[in-house]
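Working notes, beginning with the structure itself.
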Amino acid sequence: RAVDVLRSEGASLSSSSSSSRKLGFRVNPSNAETEGTIASLNVSTPDSKFGVDLQCHWEELVEAYAESPFLDSVHVHVGSGMGGERQLAAGVRATLDFARAVNDRVPRRIRFVDIGGGLPVNYLGEGSKISFESYAAVLRETCPELFDPEAFEGVFTEFGQSLNAKAGFLASRVEFVKKEPTRRNHLAVVHFGADLCVRQAYGGADHPRRFAVFDHDGKALDDDGAVEGAAAPKKKNWSV
């Protein structure tokens with residue numbers, strides 16, 4: 001269906017004067033090598049609502065690119081913080097193999113590659129779980145054509161949390177502290193919640209956060225782990 005829609009617009013797309021236009025499919029590698037430690041964050045599986053599965057639709061996709069001059073790009077995003085650099089690189093490798101198959105059929109058809117993001121974030125400390133340098137080293141080892149200017153005209157990334165997660169913090173007055181028999185420590189009721197901490201609300205065990213407690217004068221308190229989680233009125237609780 002997507003190919004039919006794109007082909008119906010082919011004339012206007014091909015004649016576009018915009019040199020910045022890039023168009024292609026998001027593909028899903030869906031192989032064992034891309035499985036990470038948090039399955040719910042893997043968006044490259046055959047049943048993912050994002051993208052087109054490579055294994056199931058390889059020939060269809062190759063044919064679509066071969067017959068559609070306006071398709072010049074391919075995109076992959078394995079998952080967000082669900083594994084390591086090897087899992088991410090495996091998804092990129094599968095996508096580059098697909099791009100090679102297309103370009104073997106029609107030289108230079110795929111000229112741009114978007115490898116997404118997905119590096120995990122160390123929310124419990126100041127260091128990084130995986131550095132950009134180590135990920136780049138793995139990509140140089142497994143996907144050398146990404147660094148070859150003769151292979152593609154452009155390579156794009158979409159790093160989100162790994163770039164921005166520690167650029168700020170959330171602060172709130174504690175409305176009250178609740179002690180429950182099922183909890184090891186206290187639950188602080190605050191004024192931010194699921195609208196800002198979606199992953200913590202629906203999957204807190206896999207997405208912990210650090211807490212710091214201050215008194216009314218702003219003096220840091222040694223809570224010694226006394227605050228186990230936070231909750232906001234009318235919003236789902238989340239905890240670490």
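In this chain, residues are counted from 1 in sequence order.
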ask   = Is there side-chain contact between L61 and V27, with heavy atoms separated by less than 4.5 Å?
value = yes
The reported gap from CG in L88 to CD1 in I115 (rounded to nearest 0.5 angstrom) is 8.5 Å
Cluster overlap V121 with V78, hydrophobic side-chain contacts below 4.5 Å: no
* I110 vs D72, side chain to side chain contact (heavy atoms under 4.5 Å, CB included): CA-CA, chis, key distance, verdict -> CA-CA 4 Å; I110 293 180; D72 58 7; over 6 Å; no
Closest heavy-atom pair, P29 versus T95, reported as atoms and distance to 0.1 Å, is CG-OG1, 4.4 Å
Here the pair of heavy atoms bringing L96 nearest to C143 is CD1-CB, 3.5 Å
Requested in this report: Could you tell me whether the side chain of N164 and the main chain of A167 form a donor-acceptor pair under 3.5 Å?
Outcome: no
The reported gap from CD in E158 to CG in L163 (rounded to nearest 0.5 angstrom) is 11.5 Å
- prompt: Can you hop from F214 to L170 via hydrophobic side chains spaced under 4.5 Å?
  reply: no
Heavy atoms of R108 and A151 approach each other most closely as NH1-O, 3.2 Å
Is there a side-chain contact between P120 and I130 (heavy atoms, below 4.5 Å)?
yes
Test your reading of the model: is there a side-chain donor-acceptor pair from N122 to the backbone of L124, 3.5 Å cut-off?
yes
d(L23 CG, F70 CZ) to nearest 0.5 Å is 7.0 Å
Looking only at heavy atoms, the pair that brings F50 and R26 closest together is CB-CZ, 3.6 Å
Set out, in order, the CA-CA distance, both residues' side-chain angles and the distance that settles side chain to side chain contact (heavy atoms under 4.5 Å, CB included) for V189 and V177, then state yes or no. CA-CA 6 Å; V189 177; V177 176; over 6 Å; no
Ion pair E63/R105, N-O distance below 4.0 Å
yes
Heavy-atom closest pair (F169 atom, A171 atom, distance to 0.1 Å) is CE1-CB, 3.9 Å
ask   = Any chain of hydrophobic side-chain contacts (each under 4.5 Å) joining V190 to Y123?
value = no
Spell out, yes or no, whether V62 and V106 are grouped together once hydrophobic residues are joined by side-chain heavy atoms under 4.5 Å, including indirect joins.
-> no
* Validate the cation-pi geometry between R140 and F147: distance from NZ or CZ to the six-membered ring centre under 6.0 Å, angle to the ring axis within 45°. => yes
Considering only NZ, NE, NH1 and NH2 on the basic side and carboxylate oxygens on the acidic side, decide whether R93 and E145 come within less than 4.0 Å.
yes
- Look at the rings of F132 and F159 and say which category their plane angle falls in: under 30° parallel, 30 to 60° tilted, over 60° perpendicular. perpendicular
As a quick check of understanding, evaluate side chain to side chain contact (heavy atoms under 4.5 Å, CB included) for H75 and F112, giving each step before the final call.
CA-CA 9 Å; H75 169 44; F112 304 97; over 6 Å; no
Give the C-alpha distance, both sets of side-chain angles, the deciding distance and a yes or no for side chain to side chain contact (heavy atoms under 4.5 Å, CB included) between E85 and S134. CA-CA 8 Å; E85 62 260 73; S134 65; 3.4 Å; yes
inquiry  = I'd like to know if V138 and L119 are part of one continuous hydrophobic network [Ile/Leu/Val/Met/Phe/Trp/Tyr, side-chain heavy atoms within less than 4.5 Å].
reply    = no
Between L71 and R109, the two heavy atoms sitting closest are O-CD, 3.1 Å
Do H191 and E175 get their side chains close enough for a donor-acceptor pair, meaning under 3.5 Å?
yes
Checking Q87 side chain against G84 main chain: does a donor-acceptor pair fall under 3.5 Å? yes
Rounding to 0.5 Å, atoms OH (Y135) and OG (S162) come to a distance of 10.0 Å
* Is a donor on one side and an acceptor on the other found under 3.5 Å between the side chain of Y65 and the backbone of N103? -> no
| message | Between R86 and E141, does any NZ, NE, NH1 or NH2 come within less than 4.0 Å of an OD or OE carboxylate oxygen? | response | yes
